Colleague: 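The structure follows.
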Amino acid sequence: MGLAWTSMGGAALYVECILENALTHKSRPGLEITGNLQNVMKESTHIAYSFAKSVMARKFPENQFFEKAKVHLHCPEGAVPKDGPSAGITMASALLSLALNHSLEPTVAMTGELTVTGKVLRIGGLREKTVAARRAGATKILFPADNTSDWLELPENIKEGIEGHPVNWYSEVFDILFPGLDQEAARTVWQKALAKPEKESRNTDDE
């Protein structure tokens, strides 16, 4: 669950991610983006994709998901144009959730621009976004540490029932979203699907 600011106030901005084709050792990677995304948000999507790939390469190099997966990322309500960079950490989280085959807690909302190195940058409209998060049933909200003063200034009745988590880097987001992640499962989840059939492996060896 991402959060957006619109002329009508805050709104929950959901990001969906699916694997388009069954994974095999012959699969080819790709990224499809839909949801009426405008230029800045399209750029954010590509940054999130590159960053998610770098996280997997660094933390789980045996997990070859992004080397083989054709992924479709979608932001629902396609009739509504969407722009701005603040969905960066949400998109990266959706992509990593798919790569790790690990679902995210639906009551966690987040907002923050993501750089390609994983820095989480300041956003606008935190008040309106927090109201939207509450309305959507969120119990936890992640936001850039640079917005901490905005969070502290919010009236208690707006923050009631929501834990606020300021973050500087995506590594902090990862730790909150994937607590107790099974490291072995994260490394090997796609191994069987991506393995070469034994017969084909023998033929390759013979050559």
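Every heavy atom of this structure was used, including side-chain atoms; hydrogens, water molecules and symmetry mates were not. Every value quoted in this text rests on a predicted model; they were computed, and no experiment measured them. For the single chain, residues carry numbers from 1 onward in sequence order.
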Colleague: Hey, which of T24, N21, L23 is the one that makes side chain to side chain contact (heavy atoms under 4.5 Å, CB included) with K68?
Modeller: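 Of T24, N21, L23, side chain to side chain contact (heavy atoms under 4.5 Å, CB included) with K68 is met by L23 alone.
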Colleague: Is atom CZ of R127 surrounded by more than 12 heavy atoms (other residues, nucleotides or ligands) closer than 6.0 Å?
Modeller: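 Counting neighbours around CZ of R127, 12 or fewer heavy atoms of other residues, nucleotides or ligands fall under 6.0 Å, so no.
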Colleague: Shortest non-hydrogen contact from G112 to P144?
Modeller: CA-CG, 3.9 Å
Colleague: May I have all residue pairs that pass side-chain hydrogen bond (donor to acceptor under 3.5 Å, both in side chains) and include part of residues 168-181, sequence neighbours excluded?
Modeller: S93-Y170
Colleague: CG of L98 to CG of L73: how many Å apart, nearest 0.5 Å?
Modeller: 9.5 Å
Colleague: Counting only pairs under 3.5 Å, give me each side-chain donor-acceptor contact of residues 45-52, with atom names and distances, residues two or more places apart or in other chains.
Modeller:
residue	atom	partner	partner atom	Å
T45	OG1	M41	O	2.9
S50	OG	H46	O	3.2

Colleague: Any salt bridge (charged side-chain N to carboxylate O under 4.0 Å, His left out) involving residues 102-124? Give me the pairs, sequence neighbours left out, ordered by first then second residue.
Modeller: R122-D150
Colleague: Quick one: pull up NZ in K26 and CG in L194 and give me the separation to the nearest 0.5 Å.
Modeller: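 Here the rounded value is 13.5 Å.
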Colleague: Among residues two or more places apart or on two chains, list those pairs meeting ring-ring contact (aromatic ring centres under 6.0 Å, His included) that have a residue in residues 120-158.
Modeller: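 Qualifying pairs, neighbours excluded: F143-W151.
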Colleague: Ignoring hydrogens, what is the shortest heavy-atom contact between A92 and L114? Give both atom names and the distance.
Modeller: CB-CD2, 3.7 Å
Colleague: Measuring from E16:CD to Y14:OH, what's the distance to the nearest 0.5 Å?
Modeller: 10.5 Å
Colleague: Does any non-hydrogen side-chain atom of L100 lie less than 4.5 Å from one of L181?
Modeller: yes
Colleague: State which residues pass side-chain hydrogen bond (donor to acceptor under 3.5 Å, both in side chains) with S103; sequence neighbours excluded, sorted by chain then number.
Modeller: none
Colleague: Hey, does M1 have a side-chain heavy atom less than 4.5 Å from the side chain of M110?
Modeller: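 No; the side chains remain at least 4.5 Å from each other.
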Colleague: side-chain hydrogen bond (donor to acceptor under 3.5 Å, both in side chains): which pairs involve residues 82-92, sequence neighbours left out?
Modeller: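 The answer is S86-K129.
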Colleague: Closest approach of A12 and A136, non-hydrogen atoms and distance?
Modeller: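 Closest heavy-atom pair between A12 and A136: CB-CB, 4.1 Å.
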Colleague: With sequence neighbours left out, write down each residue that passes side-chain hydrogen bond (donor to acceptor under 3.5 Å, both in side chains) with N101, or none if nothing qualifies.
Modeller: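 Partners of N101 under the side-chain hydrogen bond (donor to acceptor under 3.5 Å, both in side chains) test: none.
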Colleague: To check you understand the geometry: which heavy-atom pair defines the closest contact between G10 and A132, and what is its length?
Modeller: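 Closest pair (atom of G10, atom of A132, distance): C-CB, 3.5 Å.
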Colleague: Apply side-chain hydrogen bond (donor to acceptor under 3.5 Å, both in side chains) to H74 and list each qualifying residue two or more places apart in sequence or on a separate chain.
Modeller: T34
Colleague: Would M91 and V120 show up in the same hydrophobic cluster when neighbours are defined by side-chain heavy atoms closer than 4.5 Å?
Modeller: yes
Colleague: How many angstroms lie between atom CD1 of I141 and atom CG of L126, to the nearest 0.5 angstrom?
Modeller: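 Nearest 0.5 Å value for the CD1-CG distance: 5.5 Å.
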Colleague: What pair of heavy atoms forms the shortest contact from V15 to A94, and how long is it?
Modeller: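 Closest approach of V15 to A94: CG1-CB, 3.8 Å.
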Colleague: Taking atom NZ of K159 as the centre, report whether more than 12 heavy atoms of other residues, nucleotides or ligands fall under 6.0 Å from it.
Modeller: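 Enclosed: over 12 neighbouring heavy atoms sit under 6.0 Å from NZ of K159.
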Colleague: Could you go through residues 60-67 and list every donor-acceptor pair under 3.5 Å that involves a side-chain atom there, pairing it with any protein atom two or more places apart or in another chain?
Modeller:
residue	atom	partner	partner atom	Å
N63	OD1	F65	N	3.0
N63	ND2	A99	O	3.2
N63	ND2	A186	O	2.8
Q64	NE2	P61	O	2.7

Colleague: Out of curiosity, D182 CG to R187 CZ, how far, rounded to the nearest 0.5 Å?
Modeller: 8.5 Å
Colleague: With K140, which residues qualify under side chain to side chain contact (heavy atoms under 4.5 Å, CB included), at least two apart?
Modeller: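 Scan of K140 (side chain to side chain contact (heavy atoms under 4.5 Å, CB included), adjacent residues dropped) gives V108, L142, E163, H165, I176.
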Colleague: Any pair with a residue in residues 99-129 that passes ring-ring contact (aromatic ring centres under 6.0 Å, His included), sequence neighbours left out, goes on the list, sorted by first then second residue, please.
Modeller: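 Passing the test, one end in residues 99-129: H102-F178.
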Colleague: Please determine whether the number of non-hydrogen atoms from other residues, nucleotides or ligands lying under 6.0 Å from atom CG of N39 exceeds 12.
Modeller: no
Colleague: Would you name the heavy atoms of L95 and C17 that are closest together and state the gap between them?
Modeller: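 Closest approach of L95 to C17: CD2-SG, 3.5 Å.
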Colleague: Hey, what do you get for CG (L177) to CD1 (I89), rounding to the nearest 0.5 Å?
Modeller: 8.0 Å
Colleague: Verify the cluster assignment for L121 and L13: are they in a single hydrophobic cluster under the rule of side-chain heavy atoms below 4.5 Å apart?
Modeller: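 No, L121 does not connect to L13 through the hydrophobic network.
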Colleague: Are T139 and I162 close enough that some pair of their side-chain heavy atoms sits under 4.5 Å apart?
Modeller: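 Result no, sub-4.5 Å side-chain heavy-atom pair not found.
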Colleague: Counting only heavy atoms not in E77, do more than 12 fall under 6.0 Å of its CD?
Modeller: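 It does not: E77 CD has 12 such atoms or fewer within range.
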Colleague: Can you name the residues that form a ring-ring contact (aromatic ring centres under 6.0 Å, His included) with W5, not counting sequence neighbours?
Modeller: none
